[in-house]
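Structure record follows, encoded as structure tokens.
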Amino acid sequence: MIDLYTWTTPNGRKVSILLEELGVPYTAHAIDIGKDDQFAPGFLKISPNNKIPAIVDQETGLSLMESGAILLYLAQKHQRFTVEGEEYWRMVEWLMWQMGGLGPMLGQAHHFLKFNRGTSDYAETRYGKEAQRLYSVLNTRLDGRDYVAGEGNGAYTIADMAIFPWIARFEWQDIDLNAYPNVKDWYLRLADRPAVQKGYHVPKFVSDLPMP
Ligand SMILES: N[C@@H](CCC(=O)N[C@@H](CS)C(=O)NCC(=O)O)C(=O)O
């Protein structure tokens with residue numbers, strides 16, 4: 001049994017999507033980051049960086065923070081949604097691209113383009129352009145491929161699951177998905193999966209999965 005501490009944000013949704021794909025038992029605990037639940041002393045013991053998501057694996061007692069580490073742990077534990085050989089490293093490469101680039105940059109785009117528009121032209125231009133650049137990079141990677149890693153036209157892995165909930169906020173980022181046709185096809189491919197639809201609404205329903 002996995003205890004998942006999460007909220008309705010891209011980093012949280014990555015993990016609930018994987019848990020739904022794995023079909024393993026888990027309990028989702030809502031950490032309302034708008035009410036500062038992430039600073040509660042009990043939560044800090046498992047997530048010392050004050051952020052969701054975090055898990056505790058009740059089978060082993062292991063607690064983990066950082067969504068990328070959690071995805072790698074669960075994929076390795078269950079030997080699913082991962083690939084082998086050189087492609088393993090390609091998967092890690094795109095997972096790290098999400099963790100170090102796509103997530104942090106789109107997070108800033110949300111701040112300046114969605115929540116604080118009009119406060120900084122510089123930040124709007126910087127993060128708006130960076131969002132477009134990152135979508136172009138992903139669009140190029142997905143040219144002739146169904147998924148970001150894996151041999152041939154690819155295999156569905158945790159790297160796709162990490163990227164998906166960030167792309168699901170394309171409207172917040174002023175992105176027209178039609179301008180990135182490979183990303184759009186990939187997005188619709190993942191959005192069609194029942195586990196993605198279910199995992200997206202953990203720990204609670206906020207709104208439907210956005211459709212381009
Ligand atoms: N690198 C971390 C980032 C986690 C993160 O930024 N979580 C946000 C929600 S998506 C959070 O908990 N924010 C609360 C806060 O900043 O106080 C991961 O991928 O797990």
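Note that ligands are numbered from 1 as they come in the structure, with each ligand's atoms numbered from 1 the same way.
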Would Trp166 and His110 count as a close aromatic pair, with their ring centres under 6.0 Å?
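Centroid separation for Trp166 and His110: below 6.0 Å.
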Of the protein's non-hydrogen atoms, which lies at the shortest distance from [atom], and what is that distance?
atom                    : answer
atom 13 (N) of ligand 1 : Ile33 CD1, 3.8 Å
atom 20 (O) of ligand 1 : Ser67 N, 2.8 Å
atom 2 (C) of ligand 1  : Glu66 OE1, 3.3 Å
atom 12 (O) of ligand 1 : Ile52 N, 2.9 Å
atom 16 (O) of ligand 1 : Lys51 NZ, 2.6 Å

Met99 and ligand 1 - part of the residue with a heavy-atom distance under 4.0 Å
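Met99 to ligand 1: side-chain contact only, backbone stays beyond 4.0 Å.
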Minimum side-chain heavy-atom gap Leu4-Val56 below 4.5 Å:
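No. Closest side-chain heavy atoms not under 4.5 Å.
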Report yes if Phe39 has an N/O atom closer than 3.5 Å to an N/O atom of ligand 1; otherwise report no.
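The answer is no, given that Phe39 and ligand 1 share no N or O pair closer than 3.5 Å.
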Hey, what's the ring geometry for Tyr156 with Phe81, parallel, tilted or perpendicular (30° and 60° as the breaks)?
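If you compare the ring of Tyr156 with that of Phe81, the planes turn out perpendicular.
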Parallel, tilted or perpendicular, as decided by the 30° and 60° cut-offs, for the rings of Tyr187 and Phe164
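It falls in the parallel class, under 30°.
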Can you name the atoms of ligand 1, numbered from 1 with element, that are less than 4.0 Å from a heavy atom of [X]?
X     : answer
Gln38 : 14 (C), 15 (C), 17 (O)
Thr9  : 9 (C), 10 (S)
Asn11 : 3 (C), 4 (C), 5 (C), 6 (O), 7 (N), 10 (S), 19 (O)

In chain order, what residues pass the side-chain hydrogen bond (donor to acceptor under 3.5 Å, both in side chains) check against Tyr200, with sequence neighbours excluded?
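So Tyr200 forms a side-chain hydrogen bond (donor to acceptor under 3.5 Å, both in side chains) with Arg13.
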Lys/Arg N to Asp/Glu carboxylate O, Glu21 vs Arg193, below 4.0 Å
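Result for this pair is yes, salt bridge flagged.
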Roughly how far apart are Ile2 CD1 and Ile70 CD1, rounded to 0.5 Å?
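Interatomic distance, Ile2 CD1 to Ile70 CD1, rounded to 0.5 Å: 9.5 Å.
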Of all the heavy atoms in Pro53, does at least one lie under 4.0 Å from an atom in ligand 1?
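Checking ligand 1 against Pro53, which is what was asked, there is a heavy-atom contact under 4.0 Å.
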Please answer: with hydrophobic residues joined when any side-chain heavy atoms are less than 4.5 Å apart, are Trp172 and Ile163 in the same cluster?
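No, it is not one cluster - the side chains of Trp172 and Ile163 are not joined through contacts under 4.5 Å.
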